[in-house]
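Order of listing sets the numbers, starting from 1, for every ligand and every atom in it.
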Amino acid sequence: MTRLSVNINKVATLRNARGGNLPDVEQFAKDCEGFGAEGITVHPRPDERHITRADVYALKDIVTTEFNIEGNPEPAFMELVLEVQPTQVTLVPDAREQLTSNHGWDTQMHFAKLTAIIQRFKNVGIRVSVFVDPDPVMVEYAAKAGADRVELYTGPYAELYDENPAAAIEMYRAAAEKAHELGIGLNAGHDLNLRNLNAFVSAFPWLDEVSIGQALIADALYLGIKETIKQYKYALSNSN
Ligand code: PXP
């Protein structure tokens with residue numbers, strides 16, 4: 001079964017807009033787990049525009065499912081993750097000023113750097129996932145660098161899906177199959193939603209985890225977070 005990790009960045013964005021503690025990010029994480037989320041994802045950025053470093057430390061003691069911290073492995077991020085020791089760290093090559101992550105690593109070009117970073121996290125027992133574009137060569141070099149998993153960047157999948165679902169799936173097939181063949185784990189994330197999620201997991205049933213933020217939080221405005229999580233889990237259950 002593919003696990004649902006709820007990315008709660010946008011809940012922090014809403015809180016930060018006023019400067020108080022409404023909505024309460026930590027309580028929200030707890031409630032997501034209570035409603036069936038199998039993981040909580042955060043992406044603390046250097047400018048703390050949504051999730052702050054203090055949130056990450058607080059969540060460490062709250063999250064009882066899988067805690068996934070994403071980010072660019074700059075020194076301050078590395079130090080935070082090594083201290084908090086989440087279940088998983090997802091390495092993302094996003095620039096500081098970037099609005100959101102929009103590409104994966106060139107794992108071939110950054111092979112030596114990634115190998116060293118991955119080893120540091122694995123030494124303390126943190127599972128490492130590397131964010132990559134759907135290119136089997138990138139998957140192969142991530143595995144060679146020691147990654148436990150890759151996370152496929154699904155932005156282009158979501159963009160093509162509404163127009164041509166079959167072509168959108170085919171664009172990911174070689175990379176998803178390469179991960180399976182190499183025996184590393186497979187995650188996916190970015191722009192996944194209630195329309196496109198089931199087709200992706202049905203095509204690649206060995207998918208370990210999806211992390212979903214933007215669409216899920218937007219759906220919760222209409223459905224409420226409890227019903228939203230239920231519907232995402234139904235889409236993942238592969239039975240429809
Ligand atoms: N995976 C990674 C690496 C991301 O950076 C993000 C966005 O923070 C997501 C998944 C979730 O994307 P979305 O918010 O579009 O669901």
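The minimum heavy-atom distance between Phe77 and Glu70, with the atom names listed, is CE1-O, 3.2 Å. Residues Lys122 and Val128 approach most closely at CG-CG2, 3.9 Å, considering heavy atoms.
A salt bridge is absent between Arg45 and Asp47: the closest approach of a Lys/Arg side-chain nitrogen to an acidic carboxylate oxygen does not fall below 4.0 angstrom. Under a 4.0 Å N-O distance rule, the pair Lys30/Glu33 does not qualify as a salt bridge. Checked for salt-bridge contact, Asp208 and Arg127 miss the test: no charged N lies under 4.0 Å from a carboxylate O. Salt-bridge annotation for Glu83 and Lys60: absent, with no side-chain N of the basic residue lying under 4.0 Å from a carboxylate O of the acidic one.
Protein residues lining ligand 1, listed by chain and number: Asn7, Asn9, His43, Glu70, Val92, Ser101, Phe131, Glu151, Gly189, His190, Asp191, Ser211, Ile212, Gly213, Gln214 [non-hydrogen atoms, distance under 4.0 Å].
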